[in-house]
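Let me begin by presenting the structure, written as structure tokens, before commenting on it.
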Amino acid sequence: MGGDSLLNPVFLRFFTASLHLVLLVVVFFSWVYKKFRSNGDESKKHNVRHVSVVYHRQTLFSCLGLAFFNLILSVLNLFYWYRNGWSDEKILTLLDLGVRTLAWLALYLFLQFHFLNSRETKYPLALRLWWVLFFSISCYCLVIDFLYYKKHQILSTLFWVSDVVSSVMGLVFSYIGFLGKKRDEDTTLQEPLLNGSDANVRESDKPLKGDETVTPYATAGILSLFTFSWVGPLISLGYKKTLNLEDVPQLDNPDTASGAFPILNGKLESYRGGSNRITTNMLAKGLIFTTWREIVVSAVYVLVYTVASYVGPFLIDDFVQYLNGHRNFENEGYVLVSAFFIAKLFECLAQRHWFFKVQQAGYRARAALVAKIYNKGLTLSCQSKQGQTTGEIINYMSVDAERIGDFGWYMHDPWMVVLQVILALAILYRDLGLASVAALVATVLVMLANIPLGKMQEKFQDELMKSKDKRMKATSEVLRNMRILKLQAWELKFLSKIMDLRNAETSWLKKYLYTLAVSTFVFWGAPTFVSVVTFGACMLMGIPLESGKILSALATFRILQEPIYNLPDTISMIVQTKVSLDRIASFLSLDDLPPDVIEKLPANSSDTDVEVINGNFSWDVSSPSPTLKDINLRVSQGMRVAICGTVGSGKSSLLSCILGEMPKISGVIRISGTKAYVAQSPWIQSGKIEENILFGKEMDRQRYDRVLEACSLKKDLEILSFGDQTVIGERGINLSGGQKQRIQIARALYQDADIYLFDDPFSAVDAHTGTHLFNECILGLLDSKTVIYVTHQVEFLPAADLILVMKDGKIKQAGKYSDILKSGSDFMELVGAHEEALSALDSIDAGRAASGEENSRNAQSVLEEQDSRNGGNDKVDNSGETKGQLVEEEEREKGTVGLSVYWKYIRTAYGGLLAPFPLLAQVLFQILQIGSNYWMAWATPVSKDVAPRIQGSTLIVVYVALSVGSSFCIFARALFIVTIGYKTANILFNKMHLCIFRAPMSFFDSTPSGRILNRASTDQSTVDLNMASIIGLFAFAIIQLLGIVAVMSLIAWQVFIIFIPVIAICIWLQRYYIASARELARLCGVCKAPVIQHFSETLSGSSTIRSFDQEHRFRDISMRLIDGYSRPKFYTSGAMEWLCIRLDVLSLVTFAFSLIFLIAIPEGTIDPSVAGLAVTYGLNLNMLQAWVVWNLCFMENRIISVERILQYTSIPIEPPLVVESNRPESHWPVHGEVNIQDLQVRYAPHMPFVLRGLTCTFLGGKKTGIVGRTGSGKSTLIQTLFRIVDPTVGQILIDGVNISSIGLHDLRSRLSIIPQDPTMFEGTVRSNLDPLEEYTDEQIWEALDKCQLGDEVRKKAGKLDSAVSENGENWSVGQRQLVCLGRVLLKKSKVLVLDEATASVDTATDNLIQQTLKQHFSDSTVITIAHRITSVLDSDMVLLLDNGRLKEYDSPDKLLEDKSSLFAKLVAEYSMRSSSSR
């Protein structure tokens, strides 16, 4: 008997249960022991390099797997005996499985947490011995099972399965325990994860940061690739801490921009041959070639997925027949369950890898495209650029390239639909015979219904994009010129312009969205329509309907629903992608700068550095009269050439043609050596000052200091909190005009080129600095170089070896100063104007010229003395202040997206009142749909030999009624969603734009416009088109999932036993994953702006970049930024699939469990057709469960767009535009007296003071000049007067009214300013002079005549309506300045401010402006910030500022009488400099 009991498998259960109980106890005591020991070892732990046990993760996975396996067996065991009654041995078996589950779970937890930071290289000996014992016992059990079966011819399948799995796992554990080698864990990402906190790690052992390693994807094994485990370390890291970009590993080379771009570029070059034209086909072919490997692999996955997805519907009829008692062979039930399970497994794996591969292809295509667009932007000719605004070009990169990247999702749909329809028809033909033809016809009809919808969508989409382009163009122009709009109090007028453009856009948006709603209705109703037609056809043809066949057909229709439902998306995506490809192809076909304009000779190959022979050049090649005519010029090595002439005479154009920037009609240009260029309007990159000066060169400290000295930047850098490490805002926003210009000059000097081209850089700085720059740079550092400089200051001409006088695009005179002074009238005109200005100086003191030199030397020393004293004071003043950079890093919300964001979004439109309706519609749809399917399954017989419950037409009539009801629910749902989404998008847009336009100027100074534009374009697009439907889809998916679970649990409530833990694990996985996914999505948002900003900076500075031959470096930076954006994108999709594959497997477990339950219960317990219905719905379970989580994650990623827009609806706003209770009288100010009392100003709480306690009064109707070195606070004083910056301490009164107490518009509309940077807006001459439309045409013509532009405008075809291009590019800088003068003449204010207004015009035009102002503003208070001393000499008062303090304030005569005054010394300096030119 004893022998018999040893041979009894049931007795062995008792034995193995005891064995596992021992394991439980050992694990528990080991854990307690380790706990006590670890406290003592804490100090030693950190000094040891981390070594891990081999196959540690596999061991963990195996333990967890065994725990789950035993859990499932115990649940099945429970059901099995729940059906057949209990007995002692059954209870014993259940106990064994329960103890096993607990033991393996405990072991998993012990190994997981103890070995995380362990120094041990092997598992504990007791554990390893136990594993060997476990293996031996399992093998023994297997042998006993075999013997018992031979003897009794019966043995529970459960014992077999349990013992086979235990033997295999025992072998694995024994191998790991004794034969595995230890290994160092020093690879890729695992090191920082396991060893991140080691402070004392030796340098060589320091873990690599994520971004210093290549993605584990590149080296992952087959299992890791299949299960996406290579993403695991990053998700684990993201769960423990907030991810930053440096945690994300680099991409593998083929996925980087530098890997993908050469392939695309090479293909495009080979396709187009010699022509410049790139067609849409070429571009599409090039992109396909760039990503062909991913496309082919994903196509294989799509094929596997499609075939596998139809196995379920194919087998359902067999399954229903099996449940009804038809057995074809033994164990047929288990074979069917296995087939279902394996097919679903293949379907899951194939779908996950298909999705990942197409996204990978999309990112690669996008990176290559963006790089191509960037390169094109660098080489565009000026003429091409004029046809394309910066905003439009940026849209190619931010919207079109993005859309083409997203096309991967839809790439395989066209052929997949065909395959799915063929498979579906095959199954339907098997089940329903000829009625399948009706199904085909219905399917084709539904697809055809889509063609007109698709065409309408295409049209609306195209118009929507065009209107969006216009709006983005206007927005970027407004953001660029926000300072002017605020100074002129025009911002609300321009906001209303943008709102008008938005209204045009939303009219298309509305049409597009409602068309989308109709197509949604058509396609959600598609399976219902197809099934009604098919079953109706069966009735008419007399084909008998059985529940199994009906369920098979329903499951087929459900699968068919997806391709039909996706078809409109696919068609609209193909259409959108084609539109985007067309747009990009036409952009890439634009003309480049011809490379052969200039003949480049190697340096020192000839003694002539620049030579132009018979040159004719024109900005517009089609124009009959060229811009520059008959240019002949020869500049020898080391020559200094000055170019002068009146406004618009072609001086800057001459430099452009030497740079090769201007289209050449005829002639030859030769250049020998490298060149450096300083533009008239400074181009500064955002970044550190040091980076701007080095401009890609290595740091040579000696040279760097020499350059800073020559450009007198040392002083400015001392004042800035961070010196040359100060981060400059976009377009150098936190620097004064003079500082920007000097940084630009420093950049050129540091390059050490052979030829230097200066486009009037001295006009933006004051007289003293101008002289210093001229002497130190052009006469000093560049003494041996070839220098060509444009200048309006006549005093810089005598130093030139050759002077060119330009007029009407021709070189009128050329020669040395003294020669051409005698010979020509044009030059005399310029010099005459200068003489006139100087005569004012002479009348003050005739004898001054003689002692000029001595005085100027004194002036220099006094100023320097003053500087050094102030330098000292500055340092004391700043020491107590907290320092901070002006441009802070873009804020990125961290952690969960708060529910408040969703709540705000839902409540934005109609207070959220409409939100319950779409949900109600979905619930009704779900009930009616399940009802109609249940009706068909219940009412039809299971097989031919059973009489039907319901006869003929009733069956179909009820089904049609239920189906039509469900379709209308869908239509209502779609309309509600579109209405809510449309309304919300508009409200958010209006709120955000109002807040942006009312934001203080400091917001624009510290926020690069790329960030604002990103919200106005990308984020707004998401909210316009997708957000409502994404939130809706998530809610609908949950309702559908609950519907399926309800149907399954009606048949077998036991499904809940497995469903609840599975859902719990799903939720835990989703929480584990979402921490990383959310931060990765935010990183995508934050990393996109730099790509766009760098591109827009490149576009605006392309001529500077080309002139320094720096294209290659800028391309590299761009590639790096593109990869910085692709990295989080790549990992976002990898992490998504990592999660989905795990969720799919879990839902498979639920499905398999319910199938096993259905075949295990006794026959007749359940109606087979209703059980079949449960299986039909169960086939969708994995898809839906993944869909819910996918939608949740997608929604969390997309809601970030709403979060970013909401951020900008809560930015601080300026004080009110109008204070109703304190409005000034309509004719205020009457006198224009400005009284400044103890004024102290700084730009931000963390910045140093710029003005430090000014007190003075500008008398009404008098003219006051403000002078001082660059950076002394002159512009800040003006900004405070206009309340661009509010005083920190003190106040300003105008005619006794404290300007801080009245509204901003009341203040700004009563003051006038001619700003430092002359600005014109795209539009017409009229809209530029009078944007508020307050004046008549007569008044506008009068103003134009007064500012000498009347004749110029009359020449143009459109007169006042003649076009002004973006930034006024088709007007010269001087003419733009005159337009600004025209605005002031129209407004006729009592207080007029000239902020360095004459810096960019020649002396003659300057005199003209001064005369005009004298004539028309004789009784106004005129405040002038001047660089030319002559322009303040005829002022009534002069205010001299130094480092934000008032140094002198008196009439010019009095100040000049006092020889020791700083003003007298500045004048002496100026006259000395000028006297040399007389």
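Just so you know, these numbers use all the heavy atoms, side chains as well, and skip hydrogens, waters and symmetry mates. From a predicted model like this one, the values you see are computed outputs, not experimental measurements.
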For this session: Step by step, work out the ring pair (Phe, Tyr, Trp, His ring centres under 6.0 Å) result for Tyr512 and Tyr982.
Result: CA-CA 10 Å; Tyr512 177 76; Tyr982 174 73; over 10 Å; no
Could you check whether any side-chain N or O of [X] sits under 3.5 Å from a backbone N or O of [Y], counting only pairs where one atom can act as donor and the other as acceptor?
X      : Y       : answer
Thr291 : Leu287  : yes
Glu392 : Asp469  : no
Ser580 : Arg403  : no
Tyr905 : Ile1031 : no

Problem set entry | Residue of the set Ile278, Leu380, Asp400 for which side chain to side chain contact (heavy atoms under 4.5 Å, CB included) holds with Phe587 |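 Testing Phe587 for a side chain to side chain contact (heavy atoms under 4.5 Å, CB included) against Ile278, Leu380, Asp400 leaves exactly one candidate, Leu380.
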Salt-bridge criterion met for [X] and [Y] (N-O under 4.0 Å):
X       : Y      : result
Arg364  : Glu294 : yes
Lys578  : Asp582 : yes
Lys1088 : Glu402 : yes

Problem set entry | Flag side-chain contact, heavy atom, 4.5 Å: Thr577 against Asp406 |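 They are not in side-chain contact.
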For this session: Would you please indicate if the ring centroids of Phe1114 and Phe1108 are separated by under 6.0 Å?
Result: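 Ring centroids of Phe1114 and Phe1108 are no less than 6.0 Å from each other.
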For this session: Output the distance between atom NE2 (His1094) and atom CE (Met397), rounded to the nearest 0.5 Å.
Result: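 The NE2 atom of His1094 sits 8.5 Å away from the CE atom of Met397.
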For this session: Report the relative orientation of the aromatic rings in Trp508 and Phe460; use parallel for angles under 30°, tilted for 30 to 60°, perpendicular for over 60°.
Result: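 Correct class here is tilted.
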Exercise. Parallel, tilted or perpendicular: which describes the rings of Phe1095 and Tyr374, with under 30° parallel and over 60° perpendicular?
Worked result: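 It falls in the tilted class, 30° to 60°.
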